[in-house]
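Numbered from 1 within each chain, the chains take letters A, B, ... in sequence-line order.
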Protein chains: 2
Amino acid sequence: MSVKLNGALEDRGAWRAENCSIAMTMEVIGTRSSMLILREALYGTTRFDDFVRRTKGTDAIVSARLKQLTDIGLCEKRPYQEEGKRRRYEYVLTPKGADLMPAVFALMQWGNRYLQSDDGGPLRLVKRGTDIPVVIGPHTESDAQLGIDDLEIAANGNWIEQGHV
Amino acid sequence: MSVKLNGALEDRGAWRAENCSIAMTMEVIGTRSSMLILREALYGTTRFDDFVRRTKGTDAIVSARLKQLTDIGLCEKRPYQEEGKRRRYEYVLTPKGADLMPAVFALMQWGNRYLQSDDGGPLRLVKRGTDIPVVIGPHTESDAQLGIDDLEIAANGNWIEQGHV
DNA sequence: TGCCTGACTTGCGTTTGTAGTAGTTAGAGC
DNA sequence: GCTCTAACTACTACAAACGCAAGTCAGGCA
């Protein structure tokens with residue numbers, strides 16, 4: 001149930017996990033609210049009040065998190081203007097932010113499998129334009145890789161019937 | 001920069017992400033200390049004081065987290081006894097816990113890419129017995145999947161020279 | 001019997017995340 | 001100039017995570 005450690009790492013007592021990328025990443029986006037905003041961004045949400053409603057957060061939390069995420073460079077604040085409306089800002093994922101997709105969906109995948117009472121949870125990931133399930137996991141670079149544009153979110157039947165997805 | 005939403009989900013304003021697996025998963029293991037303990041478990045650590053030293057946590061935190069993780073069923077408390085020592089307990093990952101591997105390593109992968117100052121971070125994931133890099137990402141089930149036993153952690157050259165990995 | 005060590009547990013203080021409510025600002029429409 | 005709304009900011013309160021220190025407990029050993 002554990003990964004092999006090679007070469008110089010084999011003697012686990014002899015080294016420390018300094019500069020651990022996992023720890024560093026958790027410090028940056030290791031909160032529920034960050035993850036949910038990231039989720040929404042991956043689902044295509046860009047506007048402030050949509051983030052608020054869809055993550056069921058409060059103005060204060062969403063404001064703080066969006067600022068934090070833009071500071072770090074996970075999303076970008078862009079002006080836009082609908083006609084007859086004043087200029088607003090929208091938040092769009094940068095490539096850096098979009099690269100968190102595997103992490104976010106890996107959490108979803110695990111939750112679907114282990115935390116949903118009945119079936120596999122409300123949403124599932126499929127290959128775009130098909131019904132072929134997509135899994136998040138390790139593979140070699142030579143294997144076919146799917147990008148964000150190759151993915152599609154589908155609703156699980158019984159959830160959509162219950163009307164709340 | 002966002003995933004396609006299909007069918008009934010297309011109108012993003014018309015549905016709420018209820019019972020979100022991402023949120024549920026974050027509530028269960030969404031802390032730095034949980035992730036680090038999970039990391040250590042994936043690296044093969046099983047004993048209490050090793051968790052403490054290797055995650056640089058405190059007794060209190062590690063104790064609380066290990067209890068929480070065993071309660072949830074991510075790891076199992078098993079008695080063992082070295083000769084001449086008294087009976088102790090070790091904590092080993094269950095399949096449920098090991099299934100978080102993609103999430104944990106996806107965080108590592110992102111941190112390696114974006115948070116490490118110089119190179120790609122101290123540790124990298126390769127295919128076991130080779131030097132072929134492994135990436136965590138979406139793929140279809142028909143693609144070759146790698147399990148925990150197919151993976152190996154290797155040290156990045158310059159980090160090991162600096163002696164602290 | 002008393003000491004020692006590994007494996008915890010408890011208590012306390014600080015920080016961070018979360019939640020609710022209220023107040024502010026920019027600019028289009030009237 | 002006034003109103004209205006999206007997009008914030010500020011304030012308060014509570015809970016959880018974290019860090020430190022001290023205390024407990026079991027059992028092997030001198």
Indicate, with a heavy-atom threshold strictly under 4.0 Å, whether [X] touches base, sugar-phosphate, or nothing.
X: A:Lys67; value: sugar-phosphate
X: A:Phe51; value: nothing
X: B:Asp49; value: sugar-phosphate

Name all pairs fulfilling the ring pair (Phe, Tyr, Trp, His ring centres under 6.0 Å) condition that reach into residues 57-101 of chain A, sequence neighbours left out, sorted by first residue then second. none
Just the rounded figure in Å: distance from [atom2] of [N] to [atom1] of [X].
X: A:Asp59; N: C:dG20; atom1: CG; atom2: P; result: 11 Å
X: B:Arg78; N: C:dA7; atom1: CZ; atom2: C1'; result: 19 Å
X: A:Arg53; N: C:dA19; atom1: CZ; atom2: P; result: 18 Å
X: B:Arg88; N: C:dG6; atom1: CZ; atom2: P; result: 7 Å
X: A:Ile61; N: C:dG20; atom1: CD1; atom2: C1'; result: 10 Å
X: B:Ile37; N: C:dA7; atom1: CD1; atom2: P; result: 14 Å
X: B:Leu69; N: C:dC8; atom1: CG; atom2: P; result: 13 Å

Within the pair A:Thr58 and C:dT18, is there a side-chain N or O less than 4.0 Å away from OP1 or OP2? no
For C:dA7 and B:Tyr80 - does any side-chain N or O of the residue sit under 4.0 Å from the phosphate oxygens OP1/OP2? yes
Give a yes or no on whether the backbone of [Y] and the side-chain of [X] come within a donor-acceptor separation of less than 3.5 Å.
X: B:Thr55; Y: B:Ile37; value: no
X: B:Asp50; Y: B:Arg47; value: no
X: A:Asp59; Y: A:Val52; value: no
X: B:Thr70; Y: B:Leu66; value: yes
X: B:Trp15; Y: B:Glu10; value: no
X: A:Arg65; Y: A:Gln68; value: no

Side-chain donor-acceptor pair under 3.5 Å between B:Ser21 and A:Gln116, yes or no? yes
What side-chain donor-acceptor pairs closer than 3.5 Å can you find for residues 124-137 of chain B, not counting sequence neighbours?
| residue | atom | partner | partner atom | Å |
| --- | --- | --- | --- | --- |
| B:Arg124 | NE | B:Asn156 | OD1 | 3.1 |
| B:Arg124 | NH2 | B:Asp131 | OD1 | 3.3 |
| B:Arg128 | NH1 | B:Asp149 | O | 3.3 |
| B:Thr130 | OG1 | B:Lys127 | O | 2.8 |
| B:Thr130 | OG1 | B:Ile132 | N | 3.0 |

Table of protein N/O atoms under 3.5 Å from nucleotides 12-16 of chain C N/O atoms:
none

Electrostatic pair A:Glu40-A:Arg53, nearest N-O below 4.0 angstrom: no
Is the closest side-chain heavy-atom distance between A:Lys96 and A:Ile72 below 4.5 Å? yes
Opening and closing nucleotides of DNA chain D in contact with chain A, under 4.0 Å to non-hydrogen atoms: D:dT5 to D:dA10
Could you pull out the protein-nucleic contacts involving nucleotides 28-30 of chain C (nitrogen or oxygen on both sides, under 3.5 Å)?
| residue | atom | partner | partner atom | Å |
| --- | --- | --- | --- | --- |
| C:dA28 | O3' | A:Gly84 | O | 2.7 |

Result for 5'-nearest mapping on DNA chain C, choosing between B:Asp50 and B:Ala60, is B:Asp50
Applying salt bridge (Lys or Arg N to Asp or Glu O under 4.0 Å) to A:Lys77 and not counting sequence neighbours gives none
